[in-house]
Peer 1: 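One structure, pasted below without further comment.
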Amino acid sequence: MSLMSVSEVADYLGVQEIRVERLERESLLVAKDKDAAGNPLFDSDDVRRYKELAERLGGI
């Protein structure tokens, strides 16, 4: 399991960081841990699966 920061997830998904934070608040992406500053960290496999699902449903 590799953890990704909010900015890394935003770059991977091609969205703004605020969108990633909203996805986490809405439990569409579940944070696996928090960094030292309290920001969420996401499992890279979960992010990949979310992107695949979102693309099948019509886009992110």
Peer 1: May I ask you to test the V47-E8 pair for a side-chain heavy-atom distance under 4.5 Å?
Peer 2: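 Answer no - side chains too far apart.
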Peer 1: Taking all non-hydrogen atoms of both residues into account, name the closest pair between D33 and L3 and its distance.
Peer 2: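 Reported closest heavy-atom pair: CB-CD1, 4.2 Å.
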Peer 1: Say you draw a straight line from CD of E17 to OG of S5; how long is it, rounded to the nearest 0.5 Å?
Peer 2: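 So the CD of E17 and the OG of S5 are separated by 7.5 Å.
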Peer 1: Is it the case that one hydrophobic cluster holds both V30 and L41, taking links as side-chain heavy atoms less than 4.5 Å apart, direct or via other members?
Peer 2: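 Different clusters: V30 never reaches L41 through Ile, Leu, Val, Met, Phe, Trp or Tyr contacts under 4.5 Å.
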Peer 1: Side chain to side chain donor-acceptor pair (under 3.5 Å) with S44: which residues, sequence neighbours excluded?
Peer 2: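 Not a single residue meets the side chain to side chain donor-acceptor pair (under 3.5 Å) criterion with S44.
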Peer 1: Only counting residues at least two apart or in another chain, list the ones meeting salt bridge (Lys or Arg N to Asp or Glu O under 4.0 Å) with R19.
Peer 2: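 R19 satisfies salt bridge (Lys or Arg N to Asp or Glu O under 4.0 Å) with no other residue.
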Peer 1: Apply side chain to side chain contact (heavy atoms under 4.5 Å, CB included) to A37 and list each qualifying residue two or more places apart in sequence or on a separate chain.
Peer 2: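 Only D35, N39 meet the side chain to side chain contact (heavy atoms under 4.5 Å, CB included) criterion with A37.
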Peer 1: Quick one: pull up CG in L13 and CE in M4 and give me the separation to the nearest 0.5 Å.
Peer 2: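 If I round to the nearest 0.5 Å, the distance is 7.5 Å.
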Peer 1: List for me each residue that meets salt bridge (Lys or Arg N to Asp or Glu O under 4.0 Å) alongside D11, sequence neighbours excluded, and say none if there are none.
Peer 2: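 Expected list: none.
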Peer 1: Hey, what else clusters with I18 if you join Ile, Leu, Val, Met, Phe, Trp, Tyr whenever side-chain heavy atoms sit under 4.5 Å?
Peer 2: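 Traced through the cluster, I18 reaches no other member.
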Peer 1: Provide the closest heavy-atom pair for Y50 versus L23 in the form atom of the first, atom of the second, distance.
Peer 2: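 Result for this residue pair: OH-CD2, 3.4 Å.
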Peer 1: Sequence neighbours left out, cut at 3.5 Å: what donor-acceptor pairs do the side chains of residues 51-60 make with other protein atoms?
Peer 2:
residue, atom, partner, partner atom, Å
K51, NZ, Y12, O, 3.2
E52, OE2, R48, NH1, 3.3

Peer 1: Identify the heavy atoms of V9 and F42 that sit nearest to each other, and give their distance.
Peer 2: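 What the structure gives for the nearest pair is CG2-CD1, 3.7 Å.
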Peer 1: Could you tell me which residues satisfy salt bridge (Lys or Arg N to Asp or Glu O under 4.0 Å) with E26, sequence neighbours excluded, listed by chain and number?
Peer 2: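 With neighbours one apart ignored, the set is R22.
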Peer 1: Going from CD on E24 to CG on L29, what distance comes out if it is rounded to the nearest 0.5 angstrom?
Peer 2: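 It comes to 8.5 Å.
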